[in-house]
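Positions are given from 1 along the sequence.
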Amino acid sequence: MSTNPQLIAVQWQLRWPIYQRLTDLGVPCDYAPHRPLMVEVNSPLAALHVWSVVRQMSAPRKTLINWLRQCWQMHPSDSLGRE
């Protein structure tokens, strides 16, 4: 863990699953009971992983369903900025 880890403020019951998933993705983390989750964000990819995992674990189910529906409705060229 670097000397400048980022503290992630999440509900206490989400810390362990978030820690496990980020560790699976190769993002360095430090987890201890009754302490904030510390995550080392040392690249844009690590930042994206943290954002995505925290969102998936903490967003309401309805929000995730709506986001997934929007992804399915996107035309492939929309994501590339082409028409």
Side-chain angles (χ1 to χ4, degrees):
M1 183 75 51
S2 74
T3 59
N4 191 19
Q6 302 297 313
L7 297 178
I8 305 295
V10 293
Q11 296 173 349
W12 67 269
Q13 65 268 38
L14 295 177
R15 283 188 309 225
W16 179 247
I18 289 172
Y19 166 80
Q20 288 181 311
R21 183 64 184 133
L22 290 174
T23 301
D24 290 344
L25 292 169
V27 178
C29 301
D30 188 23
Y31 174 86
H34 310 293
R35 303 237 177 190
L37 180 61
M38 291 192 296
V39 179
E40 185 175 328
V41 180
N42 54 16
S43 71
L45 181 59
L48 182 60
H49 283 322
V50 171
W51 174 82
S52 178
V53 169
V54 170
R55 178 183 165 120
Q56 288 174 24
M57 300 273 184
S58 63
R61 185 173 189 270
K62 184 174 180 152
T63 299
L64 296 174
I65 290 170
N66 289 337
W67 176 73
L68 186 56
R69 283 186 180 144
Q70 288 175 358
C71 291
W72 285 338
Q73 293 173 358
M74 269 182 104
H75 189 273
S77 63
D78 292 345
S79 63
L80 300 175
R82 299 181 197 156
E83 295 186 47

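Nearest heavy atom pair, residue V27 against residue E40, reads CG1-O, 3.7 Å. The shortest heavy-atom contact between M57 and I18 is CG-CG1, 3.7 Å. The two residues V10 and R15 make their nearest non-hydrogen contact at CG2-CG, 3.6 Å. Minimum interatomic distance between D30 and L37 (heavy atoms only, all atoms of both residues): O-CD1, 3.6 Å. Closest approach of V53 to L22, counting heavy atoms only: CG2-CD2, 3.8 Å.
Rounded to the nearest 0.5 angstrom, N66 CG and R61 CZ are separated by 11.0 Å. Here the straight-line distance linking atom CG of D24 with atom CZ of R21 works out to 6.0 Å at 0.5 Å rounding. The distance from atom CD of Q73 to atom CG of L68, rounded to the nearest 0.5 Å, is 10.0 Å.
Heavy-atom contacts from other residues, nucleotides or ligands closer than 6.0 Å to CZ of R55 number more than 12.
Note: the hydrophobic cluster containing W16 also contains V39 (ILVMFWY, side chain heavy atoms under 4.5 Å, direct or indirect links).
Checked by atom type and distance alone, the side chain of S58 pairs as donor or acceptor with a backbone atom of V54 at under 3.5 Å.
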